[in-house]
Amino acid sequence: MKKMSTKLGLVLLVSLFAVKSLWAQVTVLGWPGGPEETALRKAVEVYNAGPGKSDGSVNLIFFNRDGFWDKLQADLAAGTTEFDINLTATYAVGRYAPFMQPLSLPSAAMDVFGDKVLKTMQFEGEQYGVPTDLSLHFMYYRNDLIDKLLSDADWQKIYGEISQKYLGKTLAPKNPDTWNWEDYAATALFFTKSVNSASPTRYGTVLQMKNLLFNMMIWHSTARSHGGEWLDANGNVMVDSWAFRQGLQLYKTLFDAGASPKDSTSYEYAEANAAFGSGQAATMLQWNAAFGSLNNPEENPAVAGKIGTVAPPAGPAGRVTHIHGLGLGLNKNSKNKDAAIKFLNWLSGADAMETYALSGGSPAMAKSITDKISGDRPDLIKLGDFAGNYGFVMNGGTSASALQIYTLQAEQFTGYWSGTKSLDEALQATSKGMADLLK
Amino acid sequence: MQVSSKEKFWLTAPITFFLLVMLGFPLLLDLIYSVSEVTFENLLAPRLQGFENYFETLQDPTYWDALAFSLKFGLTASLVQLFLALFLAIYLEPLLARHPWLMAVLMAPMMVAPALIGLMYRLILHEFVGVIPYYLWEWVGDSPAFLGTENAFLTVVTIEILQWTPFALLILYTAYRSIPSHLREAARMDGANSLQLLMLVELPYMMPVILLTFFIRFIDSFRVFDNIYVLVGSGAGGTSTSLSIYIYKAFFRGGNIGQAVAASVLLFLAALLLIALLERFSRRMETT
């Protein structure tokens with residue numbers, strides 16, 4: 001009897017392991033602490049209640065945001081099998097590509113996202129992720145202040161005098177949707193207390209000038225709209241150019257004139273939002289994700305309901321905004337590849353993305369899908385429009401060295417803005433550094 | 001009771017094994033990486049290439065800038081902490097002797113993680129949400145850019161001093177309290193006034209502890225990372241890049257693993273040299 005029960009126990013144990021391996025559990029490492037996490041949790045909940053029952057359920061894990069990419073890099077390099085699917089991003093896709101497996105997404109994914117958005121997750125022609133969230137930049141401005149500027153003759157007179165003094169030409173105020181960089185600069189100077197004592201705000205704008213790679217992405221719109229590019233068609237570095245000089249000088253002019261807070265060289269996303277949210281800044285070039293929080297009366301009572309957003313100002317080469325995607329891709333060392341691929345294929349479908357968007361995510365989807373949910377997510381229409389009309393990725397912006405290049409530029413360009421380096425020194429050092437990184 | 005050499009071996013074996021695994025192995029791996037061409041893609045199979053990483057590190061001007069920053073930061077912070085703590089230890093001694101629980105209150109800053117201290121001051125010093133700039137704007141109509149390039153060094157040094165002076169105070173207060181009372185009595189009987197007592201009796205008696213405190217604080221401040229990185233990163237143009245931040249950036253952001261490890265080995269050798277000097281100095285103090 002004892003022998004019999006031992007045998008039965010063993011059979012039961014083996015069966016349990018067999019069932020577990022058939023019914024694999026996929027582990028996804030997601031982007032923590034923001035709307036992306038909320039949206040992913042909801043999508044996974046829907047998947048586990050439906051296709052996940054037969055294709056393998058999905059489990060979520062999250063790191064802390066601080067140092068996320070560094071920890072991911074170390075884990076992937078160590079050949080981790082702790083997660084099957086991991087986060088990736090446009091600017092990091094080339095760096096993580098050696099540790100990830102390319103995907104063949106269903107053809108329906110092209111209808112959901114379109115070619116331009118799918119490309120934000122591609123490296124050397126291979127698709128490395130499902131683009132779940134798109135980030136780009138808005139020019140935020142105070143509606144109430146701009147309306148008054150456009151209608152008050154006294155303010156317009158002062159505006160003309162200030163633009164003549166600081167920019168060398170007499171400008172008239174314009175609607176922000178038709179701004180070029182000079183209009184933006186003149187408006188920023190006009191709303192700066194130290195330039196215009198009658199200004200209702202302390203600063204005209206908020207520049208994010210901390211030595212941080214993400215701040216370069218925001219600044220790049222200035223250089224690109226002047227025709228700037230990282231590399232030419234032959235792969236030669238071309239940052240030491242008129243376009244880059246114009247963009248860099250614009251920030252320097254505004255910072256030196258006091259149009260941005262004095263410690264802007266330590267500002268990143270949170271600091272800039274705090275400055276604009278205080279009601280003491282008239283404009284700000286910022287990530288699209290900030291809008292919800294800034295326009296929330298409980299979080300930012302001084303500015304909520306008074307915020308307008310448009311695409312960044314135009315330059316001689318047009319109007320542009322940096323775009324990059326966050327997405328989910330397959331860990332090369334995953335032990336559950338089949339189940340993981342099934343989940344990624346499901347995630348790239350219209351229904352999954354609709355669920356994801358309705359739960360707070362920001363996917364850039366085809367207009368037909370966005371229109372269906374525009375009542376709940378009107379901001380996604382603007383996101384899709386801006387990405388399609390103005391979005392750009394620098395040539396080399398998805399390369400294996402992209403993160404290092406952003407970091408190098410941040411170090412050199414913030415040196416110029418803070419006055420520790422000349423413009424020539426900063427651009428020459430950047431060119432040389434980029435050439436070394438791209439060897 | 002005499003302990004045999006066999007017993008000594010077995011008694012020390014666990015800690016020796018622990019040190020070999022936890023320190024010896026990483027050190028060996030670091031030494032291999034430092035003479036190898038290694039990236040995240042060939043972590044498990046680095047290619048040996050000699051001392052090129054060391055040459056590259058020593059030829060990198062940003063390495064020397066980072067070293068200079070760390071030295072300046074370490075010396076400034078540790079010296080100010082030392083003098084401030086010494087003053088407080090002597091000045092507050094009567095109060096602390098009557099109310100020893102006050103020492104626990106003074107120790108509070110040490111209990112907070114440096115990264116959290118950085119985050120806290122990032123809020124406190126922000127022009128629009130920080131309490132200090134708020135009152136400065138209210139009272140004088142302006143506020144300095146605490147984290148701007150021109151003030152960043154002063155700000156981060158001040159924060160380091162505020163957090164770690166209590167550590168120096170604890171050691172120096174204990175040393176001050178341990179001065180035998182008969183020494184003071186003898187000096188008083190010989191007619192020494194308070195200043196003479198301090199300069200000729202108390203400070204010389206405390207000198208080994210004072211120097212030890214300085215070295216401990218210098219080493220700790222020299223390898224600063226967390227609070228500076230959270231507050232200002234590596235600074236505009238890299239102006240607040242400490243040696244630890246240099247190594248971190250080279251490793252993770254630059255992917256130059258060999259060079260980052262070579263820089264850390266150089267730092268390790270410098271620390272060994274410093275510790276050897278400290279030990280030699282301590283022995284000399286013991287014999288005199």
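Since the structure is predicted, the reported quantities are computational estimates derived from the model, not experimental observations.
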Check: Just wondering, are more than 12 heavy atoms of other shown residues or ligands nearer than 6.0 Å to OH in B:Tyr134?
Finding: no

Item checked: chain B interface, residue from A:Gly415, A:Ala77, A:Ala281, A:Ala426 that has the most non-hydrogen pairs under 4.5 Å -> A:Ala77

Next item on the list: Below 4.5 Å from any heavy atom of chain A, which atoms of B:Thr39 appear? Answer side chain, backbone, both or neither.
Entry: neither

Next item on the list: Measure distances from A:Phe276 to the heavy atoms of chain B and classify the residue's part below 4.5 Å as side chain, backbone, both or neither.
Entry: neither

Notebook entry, point to check: So which residues of residues 265-275 of chain A are in contact with chain B at a heavy-atom cut-off of under 4.5 Å?
Noted result: A:Thr265, A:Ser266, A:Tyr267, A:Glu268, A:Glu271, A:Ala274, A:Ala275

Next item on the list: For the pair B:Asp142 and A:Arg202, find out whether any cationic side-chain nitrogen is under 4.0 Å from an anionic carboxylate oxygen.
Entry: no

Next item on the list: Answer with side chain, backbone, both or neither: which region of B:Thr149 has an atom nearer than 4.5 Å to a non-hydrogen atom of chain A?
Entry: both

Check: Crowded around A:Gln249 CD? As in, over 12 foreign heavy atoms under 6.0 Å?
Finding: yes

Notebook entry, point to check: If you tally heavy-atom pairs under 4.5 Å against chain A, which of B:Phe128, B:Phe251, B:Tyr248 wins?
Noted result: B:Phe128

Next item on the list: Quick one: closest heavy-atom pair of A:Gln404 and B:Gly254, and the distance?
Entry: NE2-O, 3.0 Å

Notebook entry, point to check: Side chain, backbone, both or neither: which part of A:Phe99 has an atom under 4.5 Å from a heavy atom of chain B?
Noted result: side chain

Item checked: Interatomic spacing from CG in B:Leu125 to CG in A:Asp263 - rounded to 0.5 Å -> 8.5 Å

Check: Counting only heavy atoms not in B:Leu44, do more than 12 fall under 6.0 Å of its CG?
Finding: no

Notebook entry, point to check: With respect to chain A, which residue among B:Ala115, B:Gly255, B:Gly233, B:Gly238 yields the maximal number of heavy-atom pairs within a distance under 4.5 Å?
Noted result: B:Gly238

Notebook entry, point to check: Among A:Met209, A:Gln280, A:Gln73, A:Lys421, which residue forms the greatest number of heavy-atom pairs with chain B at distances under 4.5 Å?
Noted result: A:Gln73

Next item on the list: Please state whether the side chain, the backbone, both or neither of B:Leu231 comes within less than 4.5 Å of a heavy atom of chain A.
Entry: backbone

Margin query: Under a 3.5 Å distance rule, please check whether A:Lys210 uses its side chain to pair with a backbone N or O of B:Ser234 as donor and acceptor.
Written below: no

Notebook entry, point to check: Closest heavy-atom contact between A:Pro261 and B:Glu127?
Noted result: CB-OE1, 3.9 Å

Next item on the list: Would you check, one step at a time, whether the test side-chain contact (heavy atoms from CB on, under 4.5 Å) holds for B:Lys249 with A:Thr407?
Entry: CA-CA 9 Å; B:Lys249 282 182 74 177; A:Thr407 303; 4.1 Å; yes

Note to self: Report which part of B:Leu147 has an atom under 4.5 Å of a heavy atom belonging to chain A: side chain, backbone, both, or neither.
What the structure shows: both

Check: Side chains of B:Phe252 and A:Trp69: closer than 4.5 Å at any heavy-atom pair?
Finding: no

Next item on the list: Measure distances from A:Glu411 to the heavy atoms of chain B and classify the residue's part below 4.5 Å as side chain, backbone, both or neither.
Entry: both

